[in-house]
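Some notes on the structure that comes next.
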Amino acid sequence: MMSDYLLPIVAESFRRQFAEFGGLLETMEIREIGGWAYNRLVPRGGKDRRVPPGWVMWLAVRTLPSLRRMVGETARAYRDRRYLEDLEKWYSEWRDDQKARIAAIRAVDLRALPDVSLGAHTASTFAFAAMSFDRHLRLGGAPSLALTELVFTCEELLGWGEQESLRLLQGLSPTSTLPAAQLAPLARLVSTHPAIGALLETADGDALGKLRKAAPEFTAAFDAYQLEFGCRALRYELAATTLEEVPEVTLKLVYDQAIGVYDPEQERSASAALRQEALQDARRALDGRPGDLARFSQVLGDAERFYPLREENEFWTVSIPLALQRFAALEVGRRLAGRGVLAERDDVFFLTVDEALAALAHGGDRQAKVAERRAAQDWALAHPGPPSYGRDPGLPPLGALPREAAQVFRGMLWLADRIFGQESGARRQTSGSPINGTPASPGQYTGTARILLREEEFGRLQLGDVLVCPITSPVWSVLFPNVGALVTDSGGILSHPAIIAREYGIPAVVATGNATEVIRDGDRVSVDGTRGLVTVLPADSAKGETELA
């Protein structure tokens, strides 16, 4: 269901964006090969060719009418700062529209709908999600150049590296910390009511039922929290559960916060102080350079306006729409399983949307088709594809492009690497050696490693653990008040986990390649988020207090 539905939306959205800002590139193509999704940058014209020498490219973009037109359009869009247009649409129109549509869909009682109405509701929910995903990609595309402009300007004017530049944005992503911060009132109720704490200490699948009888005030507040923050996909897959479906996970987080030391206000103040300190450093360095100061102030203002969007955009355009799609599909699956069309409710995700709605309307046995596709998925999971196919044709030399077009191209490449951590694919760590990665959030911490490969394992995390995982979606942010440090296999300095770690002020190393394979669950590890280094300590090392700098 996910691949059939989502990949065409992504492909079309990229094609539209590249028409304006792609320059020599036509699109980012997404293709499924052997059950795995691959992407590639497609040159104008669609054919892969060897990148010509720099002097040939320099002549071509200045003499060939089609290339001049393409590159000129990109340069004009950059010069006119059109990359900020969708950002302004978010604040003036799109955000409120998302919230209103989500509230309307959430208000529908799915079980009360007749089949025809359920089919129509499911189709409209998927259509809304398609629009949401397109908005998500648009907001994460051209407007992201506001970040590259800040980093490149700080590098040029101040000699700063990326970590120093990003200090200027510390604490400006409230959506990263809001879900955990909103657990604080619940945690206070636990602290003042020992009976609630006793029930939460051993929270299981029936904990919420017990709490409804014993602590109605708490459960009313918990239900309100779930209504606002529970309707989110735990990962980017319709078949995966949402936070709302596993209340015991959130209940454990409430308990951990109640016995921990997390203080949202203190963290906000600390982040604001770091940001102000960085701003003062920049202004001192630019004292007596009014032209440079004016340029710096403009790009900083643009970046400050964009930065909160990295997480807020995901919250409203991906996590919640995915959950709403899942809820509708599950109701279709429940009915189909009850009629013998499917063996189990969740088998609905092995059908396309059109197939599921046709089965709802007309019946018929779909179990053989599900079995065939389940077998194909099992084979794909057992046979991971190679990191890439074919030969990398390379990218045109930036020096061959006019300045504005080169700046856009450079920014796109920088963003792709800093969001996805492309270098992580080449890193293969070995046991017994320090683990190298990308420094994502400064500081040092020593603690117990907790390997979490899936969202279903959230309950294994203990207060103060070092979270080691392949990558995290933004929904994992609810774990971060209880985490001492973060280590991931993939992702870059602008990936969701890196941003969230900085917002919480915890050390983080990302893009290690295979830390989840080299580190064992329960190992004692030292994480240096300033240098991008993780060290597995000897088994007989002292297990005193954790260290945080």
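It should be emphasised that the depicted structure is a prediction, and the values quoted were computed from it without experimental measurement.
By the 4.0 Å N-to-carboxylate-O rule, Glu457 lies close enough to Arg454 to be salt-bridged with it. Between Asp378 and Arg374 there is no salt bridge, since no side-chain N of the basic residue sits under 4.0 Å from a carboxylate O of the acidic one. Arg310 and Glu503 are not joined by a salt bridge, as no carboxylate oxygen comes within less than 4.0 angstrom of a charged side-chain nitrogen. Ion pairing between Glu248 and Lys252 fails under the 4.0 Å rule for side-chain N and carboxylate O.
In Arg460, the CZ atom is crowded: over 12 heavy atoms of neighbouring residues, nucleotides or ligands sit closer than 6.0 Å.
The shortest side-chain heavy-atom distance between Leu169 and Glu304 falls under the 4.5 Å cut-off. Side-chain contact between Leu330 and Glu245 is present, with at least one heavy-atom pair separated by less than 4.5 Å. Looking only at side-chain heavy atoms (C-beta outward), Trp316 and Thr175 stay at 4.5 Å or farther from each other. At least one side-chain heavy atom of Asp134 sits less than 4.5 Å from a side-chain heavy atom of Arg16. Side-chain contact between Ile500 and Trp476 is absent, with no heavy-atom pair separated by less than 4.5 Å. Proximity of Phe229 to Leu178: side-chain heavy atoms (C-beta onward) are separated by under 4.5 Å at one or more points. You'll find the side chain of Cys154 reaches within 4.5 Å of the side chain of Leu168, heavy atoms only. Proximity of Arg418 to Val151: side-chain heavy atoms (C-beta onward) are nowhere separated by under 4.5 Å.
A side-chain donor-acceptor contact under 3.5 Å links Thr512 to the backbone of Thr488. In this structure a side-chain-to-backbone donor-acceptor pair under 3.5 Å is present from Ser144 to Gly141. No side-chain donor-acceptor contact under 3.5 Å links Arg40 to the backbone of Glu29. Checked by atom type and distance alone, the side chain of Asp521 pairs as donor or acceptor with a backbone atom of Ile451 at under 3.5 Å. Not a single donor-acceptor pair under 3.5 Å links the side chain of Tyr307 to the backbone N or O of Gln170. Judged by distance alone, with hydrogens and angles left aside, the side-chain atoms of Asn39 form no donor-acceptor pair with the main-chain N or O of Ile30 at under 3.5 Å. Side-chain atoms of Gln182 do not come within 3.5 Å of backbone N or O of Pro179 as any donor-acceptor pair. A donor-acceptor contact shorter than 3.5 Å links the side chain of Ser271 to the backbone of Glu267. In this structure a side-chain-to-backbone donor-acceptor pair under 3.5 Å is present from Gln17 to Leu137. The backbone N or O of Ala240 lies less than 3.5 Å from a partner atom in the side chain of Arg326, making a donor-acceptor pair.
Listed by chain and residue number, Arg188, Gln257, Pro264 satisfy the side chain to side chain contact (heavy atoms under 4.5 Å, CB included) test with Ala184 (two or more places apart in sequence, or in another chain). By the ring-ring contact (aromatic ring centres under 6.0 Å, His included) test, Trp90 is found to be paired with no residue, residues two or more places apart in sequence or in another chain being considered. Partners of Ala501 under the side chain to side chain contact (heavy atoms under 4.5 Å, CB included) rule, at least two apart in sequence or in another chain, are Ser441, Phe480, Leu486, Ile506, Ala508. Under the salt bridge (Lys or Arg N to Asp or Glu O under 4.0 Å) criterion, Arg531 pairs with Asp528, sequence neighbours left out.
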Notebook entry, point to check: Where do Ile519 and Val536 land on the side-chain contact (heavy atoms from CB on, under 4.5 Å) test, with the steps shown first?
Noted result: CA-CA 7 Å; Ile519 300 173; Val536 179; 4.0 Å; yes
Check: Given Met2 and Leu322, is the side-chain contact (heavy atoms from CB on, under 4.5 Å) satisfied, shown in steps?
Finding: CA-CA 10 Å; Met2 190 74 174; Leu322 263 177; 3.7 Å; yes
Next item on the list: Go through Glu455 and Thr241 one step at a time and tell me if the side-chain contact (heavy atoms from CB on, under 4.5 Å) criterion holds.
Entry: CA-CA 9 Å; Glu455 292 74 7; Thr241 57; 5.8 Å; no
Next item on the list: Might you work through the side chain to side chain donor-acceptor pair (under 3.5 Å) test for Tyr83 and Glu149, ending with a clear yes or no?
Entry: CA-CA 11 Å; Tyr83 53 86; Glu149 285 295 285; 4.5 Å; no
Next item on the list: Using the side-chain contact (heavy atoms from CB on, under 4.5 Å) rule, take Ser132 and His136 through it: C-alpha gap first, then chi angles, then the decisive distance, then the call.
Entry: CA-CA 6 Å; Ser132 300; His136 174 78; over 6 Å; no
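Closest approach of Thr148 to Gly411, counting heavy atoms only: CG2-O, 3.6 Å. Residue Ala282 comes nearest to Trp160 through the heavy atom pair CB-CH2, 3.7 Å, listed as atom of the first residue, atom of the second, then distance. Ser477 and Tyr504 make their closest contact through O-OH, 3.4 Å (heavy atoms, listed as atom of the first residue, atom of the second, distance). Of all the heavy atoms in Met1 and Leu351, the pair that sits closest is CB-O, 3.1 Å. Taking all atoms of both residues into account, the shortest heavy-atom contact from Ser490 to Ile471 is O-CD1, 3.5 Å. Across all non-hydrogen atoms, the minimal contact from Leu147 to Ala303 is CD2-CB, 4.4 Å.
Under 3.5 Å, the side chains of Glu311 and His496 contain a donor-acceptor pair of N or O atoms. Checking Ser269 against Gln266 by side-chain atom types alone, no donor-acceptor pair falls below 3.5 Å.
Taken from CZ in Phe458 to CG in Leu234, the straight-line distance is 5.5 Å, to the nearest 0.5 Å.
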Ignoring hydrogens and angles, write down the donor-acceptor pairs under 3.5 Å from the side chains of residues 382-390, residues two or more places apart or on other chains.
unit_1, atom_1, unit_2, atom_2, d
His383, ND1, Trp379, O, 2.8
His383, ND1, Trp379, NE1, 3.4

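A salt bridge (Lys or Arg N to Asp or Glu O under 4.0 Å) check over residues 461-473, counting only residues at least two apart or in different chains, returns the pairs Arg450-Asp465.
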